[in-house]
Structures are given as structure tokens and as C-alpha cells.
Number of protein chains: 2
Amino acid sequence: MTVERSAPPTISEVAAEAGVGRATAARTLGGYGYVSPELRSRVLAAAERLGYRANALARSMSTGVSHTLGVIVADIGNPFFAGVVRGISDASRARGFDTIVLSTHESLDEEIAAMHVLIDKQVDGIVVASAALGPKTSAHIAEAWSRGIPVVLVDRAVPGLELDAVVIDNREAAREAVTALIAAGHRRVGFVWGPPIAGRPDRRRDLVDAAARNLWTDGERLRGYLDALDDAGLPFDADLVMVGEKTEERAIAEVERMLGLDDRVTALFCTETDAVTGALRAIRATGFRVPADVSLIGFDDSSWAAVMEPPLTMIEQPMLALGTRAAEVLLALIDGAPRSQPDGAFRHTLDTRLVERSSVAPPSA
Amino acid sequence: MTVERSAPPTISEVAAEAGVGRATAARTLGGYGYVSPELRSRVLAAAERLGYRANALARSMSTGVSHTLGVIVADIGNPFFAGVVRGISDASRARGFDTIVLSTHESLDEEIAAMHVLIDKQVDGIVVASAALGPKTSAHIAEAWSRGIPVVLVDRAVPGLELDAVVIDNREAAREAVTALIAAGHRRVGFVWGPPIAGRPDRRRDLVDAAARNLWTDGERLRGYLDALDDAGLPFDADLVMVGEKTEERAIAEVERMLGLDDRVTALFCTETDAVTGALRAIRATGFRVPADVSLIGFDDSSWAAVMEPPLTMIEQPMLALGTRAAEVLLALIDGAPRSQPDGAFRHTLDTRLVERSSVAPPSA
DNA sequence: GCGAATGGCGAGACCGGGCTCTCGAGCCCG
DNA sequence: CGGGCTCGAGAGCCCGGTCTCGCCATTCGC
């Protein structure tokens with residue numbers, strides 16, 4: 001295939017071709033101002049002949065609007081974030097906005113760099129699932145705002161940052177799941193996995209403090225777990241929670257440990273997909289069975305969970321809706337909508353659903 | 001939070017603040033040309049004070065380079081494409097390029113529109129997993145090329161379009177999987193699922209022809225299935241292949257049908273994740289068991305497949321590598337590398353791996 | 001000691017559009 | 001028949017950078 005590359009035609013060339021002034025061609029092609037039917041059709045014909053396409057960059061330069069949204073997530077390869085991005089993408093595309101997606105690999109430095117890339121590229125708004133932990137680590141988000149770029153948080157709120165945040169109630173979802181486990185009769189419920197903090201605090205208070213200084217979702221899910229324990233009057237046992245680096249390997253080791261305890265765990269609450277698969281491997285390796293020997297509930301439902309043996313009871317997150325809602329809120333902000341009222345109204349909380357299948361049963365004895 | 005929004009400072013303002021000419025400030029901030037240490041530090045200080053950030057759009061305007069890559073896939077929410085995009089994103093980010101991702105929902109019209117968006121936004125290159133079926137339906141791809149924008153295909157090649165394509169050998173991977181099933185003793189192997197063509201051709205030749213006029217990956221996988229049958233001297237039976245709309249619901253119905261045949265299917269080859277879960281549901285619904293009653297091999301390995309009961313034998317695709325490689329090839333093209341030689345060298349074929357686990361066993365009797 | 005080479009800096013053109021403003025032509029009306 | 005309007009179209013500035021070119025000052029060479 002021999003392709004001929006010629007410099008793309010500009011509006012001046014179209015004007016020359018049509019024998020009209022540049023402004024007239026611009027008005028016709030830009031769809032603004034008045035142009036007589038006669039000249040309009042001549043311009044259109046010339047543009048067609050030349051294969052003219054407007055340079056969106058040049059247009060953005062003079063209008064100051066790029067019709068582009070920036071999206072920052074930890075990992076676009078993660079099915080959860082991919083779903084959220086899909087939601088954002090579909091909703092914004094429907095409104096004529098395109099999206100630039102940046103992955104931060106869960107690093108705050110990369111997130112800051114990503115924010116700068118988006119600011120420099122003059123995006124009209126930003127949706128971010130931030131790894132920021134509080135006001136002190138979220139200066140980059142405030143910076144975007146101060147430059148006039150609306151920002152909406154998705155999936156992860158940032159405590160102390162009064163920005164619109166589209167999230168689920170992680171704490172409540174976790175509490176509901178753990179409560180279901182307790183309701184089935186379990187008193188030794190393991191938590192897999194928590195915030196990536198170093199060491200494992202023995203005291204509950206230390207744990208909560210450490211969690212508060214960590215990823216928002218992790219902390220919330222841990223608190224939901226604790227809430228359920230409190231509701232049922234069950235004691236907190238540091239041996240039943242896994243914190244630290246979140247890898248499937250560690251999950252396997254930790255769950256095997258919990259399963260090997262004298263007063264072993266009889267139910268597991270897993271906060272992420274990989275925590276679920278890790279737990280499953282550990283359960284299998286130790287010869288136990290779900291749900292006869294150990295019950296399990298995990299976060300992030302997927303079509304796989306339904307075909308497992310047994311089908312897994314999971315917490316379903318509205319991934320797409322999280323994205324579309326975030327995009328809608330952001331687009332409204334771009335349109336100049338006043339920001340949500342203070343006092344917690346910044347939170348747009350979407351419902352989760354506990355999809356009950358067959359991985360929960362009463363403890364064996 | 002009361003944010004003060006002020007117009008972002010421009011290079012002229014920085015120059016004024018520093019008391020130097022605009023060009024000097026531009027040279028300093030743009031990192032080109034010579035500036036004396038004295039003035040340089042004054043400019044830097046002024047920029048710092050004003051919080052200056054270069055407008056990437058304006059820069060792209062004059063340089064003609066946007067440092068942005070466009071990516072077009074069917075569905076960014078699909079874990080497979082999400083993985084590919086992650087690969088592209090990481091590889092290009094490392095080279096200073098950002099990515100704009102567009103989902104086409106498997107529609108050629110949306111793909112064409114997406115291509116135009118990217119052309120208009122002046123991206124430096126495009127990676128596309130195209131739904132185009134041949135030269136006639138890929139004019140939009142040729143158009144991008146003719147405008148000087150390099151395009152690299154990923155995952156899906158387009159027959160007759162001599163562009164660099166980073167793919168896996170779908171036909172060979174399918175042949176290998178089906179051959180493994182046949183080697184285990186199966187003679188009635190079902191194919192789930194094929195190209196979304198209407199009706200089910202009874203004659204093998206018609207099927208192949210229809211497939212050739214359809215999605216490249218689907219056709220290749222179907223041919224690999226047929227190859228394996230031929231290799232083993234097994235007859236083709238239209239009753240054992242599922243074509244048409246690819247939904248999990250239909251897969252369930254079709255597999256139940258294949259399982260209900262007098263001479264029923266004893267092994268299943270599934271070409272996608274949802275085809276696997278659909279097949280599994282059908283198998284379970286009919287009371288059969290894997291692998292005792294029916295063996296199964298599917299495409300797209302995931303961490304779930306390994307924790308299934310039994311663990312599933314799957315074909316692993318190098319999602320990330322597909323993406324990184326595509327980005328590398330594209331970036332090389334952007335750097336002005338000559339295009340690959342004709343005669344098939346346009347194909348960059350990455351290896352797949354048949355991950356053998358426990359879902360394949362000899363037929364029951 | 002004076003012309004020339006060199007070095008440092010800034011004026012201004014340019015990228016490709018948006019948009020304002022002015023100017024000219026045509027029309028209506030008194 | 002001329003004044004006032006309206007309507008249509010094009011000249012020209014702007015967006016915020018890049019980059020060429022030329023000016024001025026210093027220094028070098030003979």
C-alpha cells in the first residue's frame with residue numbers, strides 16, 4: 001500500500017479553493033455566524049473535495065475548551081477500574097467529550113504527575129480515584145481546582161477534601177457482609193485483606209488509626225468489619241486480620257495461618273477479587289471446603305463467581321454506574337452548576353448489593 | 001474550600017515578571033536554545049512564583065506534535081482490552097506519550113467516528129483493535145495513514161490491509177487446544193462460540209466463507225478448530241458449533257443443546273471468557289460434571305480459572321505484551337522507522353500458552 | 001585601533017482556528 | 001434622490017506557545 005501523505009488542508013486552503021474569504025469558510029465549517037446558502041454550499045463542496053477536517057487543537061486554543069476529560073485511576077488493567085472508565089467514557093462520549101486515561105500504579109507521585117499532564121493538556125475536567133489520604137497529600141487536586149478545572153472523585157473519597165465524590169458505602173457494605181457471616185453462626189471471621197500498612201497492630205485502636213492514615217476504601221471496609229463485630233458483641237482478634245502488602249501470595253499464607261489457628265477462622269470476608277482467589281487457594285490447600293468448613297463472602301462480583309463450585313456470595317459494586325455518575329457530576333460542574341452543598345452532600349453514594357449464593361453456611365460444629 | 005480561580009499565567013507574564021523578553025522565557029521554560037545562567041534562574045524563579053505550567057495545546061500547535069497516542073478498542077470495560085490498554089498506556093507513558101482511549105462497542109460506525117476524533121485531536125499515532133473485515137471496510141484506517149498518522153493494529157488483523165499488526169496466532173492456539181481435547185480421546189468436540197453470523201450454515205464451506213466475512217479473531221479460532229478436526233480425520237458436524245449472537249444466555253442454550261444430542265458432545269472449546277462461563281452453567285444445569293462427563297478448554301486465562309473446581313485448562317493470552325508491543329511498534333513508526341517489510345512481515349505474532357490444569361480428561365465411555 | 005567574529009537576547013512571524021468589527025452593497029422610505 | 005438600515009463578507013487580532021532572524025555588545029585578530 002503506497003500511501004501518499006500530504007499536509008492536511010487548513011481552513012485557508014478550503015477558503016481559497018472555494019473562492020471565499022477565510023472568515024466565511026471558518027463560519028461555515030465552524031457552524032457559527034451567518035453565511036449565505038450560496039457560499040455555504042461552495043465552501044462545503046471545497047472542504048469535501050480537499051478532505052478538510054478541523055484541527056481540534058487549534059480550535060481549543062481559541063475557544064479555551066478542549067472537550068476532553070481526564071481520568072486518573074490506579075490501574076486501567078484492573079477490571080474494576082476498567083468498568084468505571086467504561087462508564088465515564090460512555091457517558092462523556094454521549095456528551096461529546098473524549099477521555100484521556102492515566103494509570104498511577106497506586107503511586108501518589110505518579111498521580112501528581114498525571115494531574116499535571118492533564119492540566120497541561122487543558123482538559124475541561126478530571127475524574128480521579130485518588131490515592132491521596134487527606135488534605136495534606138491532595139494539594140495536586142486543589143491545584144487543578146485553583147486553575148479552574150473541576151475535579152470529581154470516584155470510588156475513593158479523600159477525607160477532609162470537600163469535593164464531589166461518587167462512591168459506594170464501603171463501610172456499610174462490609175458491615176452487611178460480615179453481619180451475614182455472623183448471622184449464619186460464625187464467631188471467628190477473618191478479614192482479608194486490609195490497608196497495606198507495615199506490621200500488624202495488636203491493638204484494635206492502633207489498627208484503626210493506621211487504617212485512617214491509609215487508602216480510604218481499605219479503611220472503610222475494615223471499619224465495616226469492626227462495626228459488624230461490635231454489633232454482634234464479638235471480640236476483636238488481631239490474629240484474624242490480614243494487613244500489609246496486598247498480594248495473592250501473602251493472602252494464601254495469611255489465610256492458611258488463620259485456618260491453622262487453634263481457634264481457627266470459620267468464615268472469611270475478602271475485600272477484593274485477588275483476596276478471594278487467594279483465600280480460595282489457601283482453603284483448598286489446607287483441605288477445607290466451602291462452605292462446609294469455611295464460609296466466604298467477597299467484594300467485586302463477576303461472572304466467574306457465579307460459576308464457582310459452590311457459587312460465591314459476593315458484594316456487587318456498580319462499576320459502570322460509578323463511572324457514568326462521576327461523568328455526569330463532572331459535566332454538570334463544567335456546565336457551571338454550583339457545587340454540591342457542604343455538610344456531606346458532596347458524597348454521591350451508590351448502592352451495592354449482596355448477591356447471596358452458596359458460599360455461606362453455618363459453621364461445622 | 002474557597003478556591004480562587006485566576007487565569008493561568010502565560011509565558012509572557014512570566015517574562016514580564018522576570019523582566020526579560022518573551023523569547024528568553026520561552027527558551028528557558030521550553031528547554032531549547034541558549035539562555036545565560038543569570039537570566040535562566042530569574043525566569044525559573046518567576047515561573048515558580050507564578051505557578052507557571054506550559055500549555056501543551058499551544059505547544060502542540062506550533063510543533064505539530066501532540067505526544068498523544070490514540071487507542072480504539074471495542075470495549076475498554078472488557079478485561080482483555082483493559083489489559084491491552086494498560087500495556088499500551090505503560091509503554092507509551094514511559095516514552096512521554098499519553099493515551100486517549102475510545103470504545104466502539106464493536107460498531108464499525110463508532111470506530112470510524114473514533115478515528116476522526118483522533119485525527120482531529122492531532123494524535124501522533126493510533127493503535128486500533130479494528131472491527132473492519134477487509135480493505136473495503138477499512139477506509140478510515142487508510143485515511144489516518146494518508147494524513148500522516150501511523151496506525152498499528154492490535155489483537156485483530158485486517159485481511160488485506162498491509163499494516164503492522166500485533167497479534168497472537170488465534171488459529172494455531174485454537175488448533176492446539178482442540179488437538180489437546182482430541183488427544184484425550186474426544187471425537188465430539190463442541191465449538192463455543194463463533195462469528196456472530198446469522199443462521200447456522202450446515203455445510204462446512206459455507207461456514208468458513210461466512211467466517212471469512214466476519215471478525216478476524218473469531219474466524220481464525222474457528223479455522224483452528226476445523227484444522228484440528230482435519231488433523232485427526234474427524235468429521236465436521238454443524239450441530240457442534242455455535243455461531244450467531246455472542247451472549248452468555250445463548251451459549252447456555254446452545255451448549256445444553258449440544259449436550260442433549262443423541263451423539264452428545266463430550267468436550268467443549270470456548271473462545272472467550274463469557275463462552276466459558278456460559279458453558280459451565282449449561283454443564284451444571286444438565287447435571288454433567290467437568291471433566292468426568294465433559295472436558296473443557298477456554299480462551300483468556302484469569303486468576304479465577306485457576307481456583308475453579310476443577311481448575312480450568314485455559315489458553316493464556318499475553319494481554320499486556322500485546323499492548324506494550326503495539327505501542328513500541330507504533331512509537332518506532334512515529335520516530336520514522338521504515339515500515340515492516342511486505343510479505344507477511346507486517347505481523348508481529350506473540351506467543352500464547354496452553355495452561356494445562358484439570359478440566360480435560362478422557363471421555364467417560 | 002578598527003573591522004570582524006562571536007555571543008546573548010528579543011522582536012516578530014507562524015501554527016490553525018474563533019470571533020469582532022468594519023466596510024460595502026442593497027433596500028426601504030420619506 | 002438621498003439618508004438610514006440591514007445584511008453579508010472579509011480583514012485582522014487573539015489564543016500561547018516555537019523558532020528564525022537580526023541587533024547590539026563584547027571580544028578577538030591583525
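In the text below, chain A, chain B and the rest are named by the order of the sequence lines, each starting its count at 1.
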Which atom of A:Leu215 lies closest to which atom of A:Ala131, heavy atoms considered: CD1-CA, 4.3 Å
With sequence neighbours left out, write down each residue that passes salt bridge (Lys or Arg N to Asp or Glu O under 4.0 Å) with B:Arg59, or none if nothing qualifies. none
Run the side-chain contact (heavy atoms from CB on, under 4.5 Å) test on B:Leu29 and B:Leu44 for me, step by step, so that the C-alpha distance in whole Å, both residues' side-chain angles and the decisive distance to 0.1 Å come before the verdict. CA-CA 7 Å; B:Leu29 271 2; B:Leu44 256 19; 3.8 Å; yes
Taking all non-hydrogen atoms of both residues, which atom of A:Arg325 and which atom of A:Leu350 are closest, and how far apart? NH1-CD1, 3.5 Å
Give the angle between the helix axes at the two ends of the helix from C:dG1-D:dC30 to C:dG30-D:dC1, taking five base pairs at each end and rounding to 10°. 60°
Contact check, residues 37-46 of chain B vs DNA chain D, heavy-atom distance under 4.0 Å, returns none
Any pair with a residue in residues 13-28 of chain A that passes side chain to side chain donor-acceptor pair (under 3.5 Å), sequence neighbours left out, goes on the list, sorted by first then second residue, please. A:Glu17-A:Arg49
Where along residues 19-35 of chain A does a heavy atom come under 4.0 Å from DNA chain D, residue by residue in number order? A:Val20, A:Gly21, A:Arg22, A:Ala23, A:Thr24, A:Arg27, A:Tyr34, A:Val35
Is it true that a side-chain atom of B:Ser60 and a backbone atom of B:Val65 form a donor plus acceptor pair closer than 3.5 Å? yes
Donor-acceptor contact present, side-chain B:Ser107 to main-chain B:Asp109, <3.5 Å: yes
Can you list every pair that meets side chain to side chain donor-acceptor pair (under 3.5 Å) and has a residue in residues 64-85 of chain A, with sequence neighbours left out? A:Ser66-A:Asp124, A:Thr68-B:Lys121, A:Asp75-B:Arg86
Heavy atoms within less than 4.0 Å of DNA chain C: which residues of residues 49-70 of chain B have one? Give them sorted by number. B:Met61, B:Ser62
Quick test of your reading: applying ring-ring contact (aromatic ring centres under 6.0 Å, His included), list the pairs with at least one residue in residues 23-43 of chain B, sequence neighbours left out, ordered by first then second residue. none
Using side-chain hydrogen bond (donor to acceptor under 3.5 Å, both in side chains) as the criterion, list what pairs up with A:Glu38, not counting sequence neighbours. A:Arg42
Sorted by chain and number, sequence neighbours left out, side-chain hydrogen bond (donor to acceptor under 3.5 Å, both in side chains) with B:Glu110 holds for B:His105
Which residues satisfy the side-chain hydrogen bond (donor to acceptor under 3.5 Å, both in side chains) test with B:Arg93, sequence neighbours excluded? B:Asp98
Non-hydrogen atoms of B:Ala15 and B:Gly21 that approach each other most closely: CB-O, 3.6 Å
In terms of heavy-atom contacts, B:Val154 and B:Ala326 come closest through CG2-CB, 3.9 Å
The residue among B:Glu143, B:His140, B:Glu111 that forms side chain to side chain donor-acceptor pair (under 3.5 Å) with B:His116 is B:Glu143
Chain B contact limits on DNA chain D, taken 5' to 3' with a cut-off of 4.0 angstrom to heavy atoms: D:dG16 to D:dC19
